[in-house]
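Have a look at the structure below before the remarks.
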Amino acid sequence: MVKMIKNKAFGVIGKPIFNMDYICASASATPNRWADDVYSRPFTVEEIQEMIEAFAKTAKLCMDAGVDGVEIHAVHEGYLLEQMTNPAFNRRSLGRYSDWQAFGLDLVREIRKRTGARYPIMYRIDLSLALNETYGQRLKTVKSLKKFGNERTVEMTLEYMHNLVKAGVDIFDVDLGCYDN
């Protein structure tokens, strides 16, 4: 039996086994890393827009406080931005955010709008989670892994990075892999 708990929290790596009233929200309903029978609930569009607004306000506050630039941490499975910008996690079928690039691009555009053209934006990104390379055929046979076979490939990431530059990213911090590998 799948348990759906409706409180807000971020990421599929939260540990609901310590408090079953706490559940993670994600791009889509996704099994929790620590408890396969507990699924995250999908973010609402309003929550997604609130997050974009909060990131952009924070970047502007950093700029106003004299911070030299901002880095957007969009790397590693289980974390918010990786979930929203990777088809392995973002399996939304309707609306703007069913496009796995939309969240990251909207986020960067909003930060750029608030901080201006000269404020440095760095984006930390996984070239690939390398889930297919790590699990191979197990992605097709192991129940808890089946949903993750449609990961963002290196080629998809390079196209996404090109679009992020057009949206306002100045520099990338590139990683490869995730906790599993």
Side-chain angles (χ1 to χ4, degrees), residues 7-14 22 24-28 30 33 40-92 94-131 148 150-181:
N7 293 342
K8 267 200 218 181
F10 287 63
V12 296
I13 61 169
Y22 168 90
C24 300
S26 181
S28 306
T30 303
R33 179 166 190 76
S40 59
R41 66 167 180 79
F43 286 114
T44 66
V45 171
E46 293 78 20
E47 288 171 326
I48 292 169
Q49 291 167 343
E50 286 174 17
M51 286 184 280
I52 290 170
E53 179 80 10
F55 274 97
K57 281 182 181 178
T58 303
K60 176 71 166 104
L61 287 170
C62 289
M63 185 181 84
D64 291 346
V67 176
D68 291 335
V70 292
E71 178 179 21
I72 301 167
H73 188 274
V75 68
H76 300 135
E77 102 184 77
Y79 291 105
L80 170 65
L81 273 82
E82 179 67 26
Q83 291 172 51
M84 290 299 294
T85 61
N86 192 324
F89 300 98
N90 185 349
R91 296 178 300 280
R92 299 169 86 92
L94 298 172
R96 173 160 182 71
Y97 297 105
S98 63
D99 172 358
W100 59 268
Q101 291 191 30
F103 180 81
L105 295 173
D106 286 356
L107 176 63
V108 170
R109 285 184 193 115
E110 189 61 27
I111 290 172
R112 181 56 69 212
K113 181 173 113 180
R114 292 187 184 233
T115 60
R118 297 182 53 120
Y119 192 66
I121 299 175
M122 181 161 58
Y123 197 96
R124 182 159 162 74
I125 190 168
D126 270 314
L127 201 53
S128 168
L129 294 177
L131 295 172
F148 303 117
N150 189 30
E151 71 179 320
R152 191 179 66 221
T153 65
V154 172
E155 293 77 18
M156 292 164 72
T157 302
L158 292 173
E159 176 191 338
Y160 178 45
M161 291 170 73
H162 178 78
N163 292 336
L164 286 165
V165 168
K166 288 196 278 186
V169 169
D170 298 298
I171 189 169
F172 290 97
D173 177 0
V174 181
D175 202 340
L176 179 63
C178 62
Y179 298 120
D180 294 316
N181 53 34

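For the single chain, residues carry numbers from 1 onward in sequence order.
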>> Please give me the minimum heavy-atom distance between Pro42 and Ala27, naming the atom from each residue.
In response: CB-O, 3.9 Å
>> In the structure I gave you, are the side-chain heavy atoms of Lys166 and His162 within less than 4.5 Å of one another anywhere?
In response: yes
>> Show the nearest heavy-atom pair for residues Glu151 and Ala88, with the distance to one decimal.
In response: CA-CB, 3.7 Å
> In Å, rounded to the nearest 0.5 Å, how long is the span from NE2 of His73 to CE of Met122?
Replying inline: 10.5 Å
> Is any side-chain heavy atom of Val70 less than 4.5 Å from a side-chain heavy atom of Pro120?
Replying inline: no
> CG of Asp99 to OG1 of Thr85: how many Å apart, nearest 0.5 Å?
Replying inline: 11.0 Å
> Of the non-hydrogen atoms in Arg92 and Ser28, which two are nearest, and what is the gap between them?
Replying inline: N-OG, 3.4 Å
> Say you draw a straight line from CG of Leu164 to CD of Glu159; how long is it, rounded to the nearest 0.5 Å?
Replying inline: 10.5 Å
Please list every donor-acceptor pair under 3.5 Å in which a side-chain atom of residues 101-111 meets a protein atom from a residue at least two apart or in another chain.
unit_1: Gln101; atom_1: OE1; unit_2: Asn163; atom_2: ND2; d: 2.8
unit_1: Asp106; atom_1: OD1; unit_2: Arg96; atom_2: NH2; d: 2.5
unit_1: Asp106; atom_1: OD1; unit_2: Arg109; atom_2: NH1; d: 3.4
unit_1: Asp106; atom_1: OD2; unit_2: Arg96; atom_2: NE; d: 2.8
unit_1: Asp106; atom_1: OD2; unit_2: Arg96; atom_2: NH2; d: 3.4
unit_1: Asp106; atom_1: OD2; unit_2: Tyr97; atom_2: OH; d: 2.8
unit_1: Glu110; atom_1: OE2; unit_2: Arg114; atom_2: NE; d: 3.0
unit_1: Glu110; atom_1: OE2; unit_2: Arg114; atom_2: NH2; d: 3.4

>> So which atom in Asn90 and which in Trp100 form the shortest heavy-atom distance, rounded to 0.1 Å?
In response: ND2-CA, 3.7 Å
> Once you round to the nearest 0.5 Å, how far does CG of Asp173 lie from CD1 of Ile72?
Replying inline: 12.0 Å
> Hey, is CG on Asp68 packed in by over 12 heavy atoms from elsewhere, all under 6.0 Å?
Replying inline: no
> Residues two or more places apart in sequence or in another chain: which of them pass ring pair (Phe, Tyr, Trp, His ring centres under 6.0 Å) with Tyr119?
Replying inline: none
> Are any non-hydrogen side-chain atoms of Thr153 and Leu158 less than 4.5 angstrom apart?
Replying inline: no
>> With a 4.5 Å cut-off on side-chain heavy atoms, are Thr157 and Asp126 touching?
In response: no
> Which atom pair, heavy atoms only, marks the closest approach of Gly168 to Arg112?
Replying inline: O-NH2, 2.6 Å
>> What's the separation between atom CG in Leu81 and atom CG in Asn86, rounded to the nearest 0.5 Å?
In response: 11.5 Å
> Could you state the interatomic distance from NZ (Lys113) to NZ (Lys60), rounded to the nearest 0.5 Å?
Replying inline: 13.0 Å
